[in-house]
Amino acid sequence: MAQTDIDTLDKKILGLIVNDARKPFLEVARECNVSGAAIHQRIQKLTSAGVIKGSEFVLDSEKIGYETCAYMGIYLKNPEQFPDVAAELSKIPEVVECHYTTGKYDLFVKIYAKNNQHLLSIIHDKLQALGLARTETLISFKEIFRRHLPILED
């Protein structure tokens, strides 16, 4: 996929909003020395181009009852299963990310569960039913940090 052309103002806007999607456009405009309408137009342009995919609230998984975070490498019996397995994984609410990968695994997913017993239930009741060859699971003890990608300079 081709990189979208973004100029210095776009980069400055992205740098200001990436860590706080609720930052008011007028505040961004003041920091960029342009009008609020110009910021609104730029953000619309970046959204239409797919540079900005949306905004979100980030929840603390433990505070909403999900104490276990796991990463799972999935081996498929047959590569033709990719679309069907991906579609079925998207129906499991605890699976929050799914990636096609190179290397060891065919798919790599991130799962949140209430606890280890719930994770075991997800594996046995929901994932094994997909007819996978096998899986490998890594449990995350704690997320140390998460960050957004830096905005590349020219």
field: CD on E62 to NZ on K142, rounded to 0.5 Å
entry: 8.5 Å
- prompt: So how far is it from K45 NZ to I52 CD1, rounded to the nearest 0.5 Å?
  reply: 10.0 Å
query: Are F108 and V85 in one and the same hydrophobic cluster, where Ile, Leu, Val, Met, Phe, Trp and Tyr link if side-chain heavy atoms are under 4.5 Å apart?
result: no
query: Should E27 and R30 count as an ion pair when the cut-off is N to O under 4.0 Å?
result: no
task: Take M72 and L127, measure what side chain to side chain contact (heavy atoms under 4.5 Å, CB included) needs, and give me the verdict at the end.
output: CA-CA 11 Å; M72 180 179 291; L127 297 177; 3.4 Å; yes
- prompt: Does Y100 reach the side chain of L107, with side-chain heavy atoms less than 4.5 Å apart?
  reply: yes
- prompt: Quick one: does S90's side chain have a donor or acceptor within less than 3.5 Å of a partner on A87's backbone?
  reply: yes
- prompt: Could you walk me through whether I111 and I123 pass the side chain to side chain contact (heavy atoms under 4.5 Å, CB included) check?
  reply: CA-CA 10 Å; I111 301 171; I123 293 168; 5.6 Å; no
message: Angle between ring planes, Y75 versus Y105, binned at 30° and 60°: parallel, tilted or perpendicular?
response: perpendicular
message: Quick check on the hydrophobic clustering: are L89 and L120 connected, directly or via other members, by side-chain heavy-atom contacts under 4.5 Å?
response: no
query: Does some side-chain heavy atom of R42 sit less than 4.5 Å from a side-chain heavy atom of I39?
result: no
task: Please report the C-alpha distance between V109 and I92 in whole Å, then the side-chain angles of each, then the deciding distance to 0.1 Å, and finally whether the side chain to side chain contact (heavy atoms under 4.5 Å, CB included) criterion is met.
output: CA-CA 11 Å; V109 297; I92 301 171; over 6 Å; no
message: Atom NZ of residue position K114 - does it have more than 12 heavy atoms of other residues, nucleotides or ligands inside 6.0 Å?
response: no
Side chains of I74 and D106 in contact at under 4.5 Å (non-hydrogen atoms): no
- request: Decide whether Y71 and E97 meet the rule of one side-chain donor and one side-chain acceptor closer than 3.5 Å.
  value: no
message: Under a 3.5 Å distance rule, please check whether D84 uses its side chain to pair with a backbone N or O of Q81 as donor and acceptor.
response: no
query: Would you call V51 and D10 a side-chain contact if the rule is heavy atoms closer than 4.5 Å?
result: no
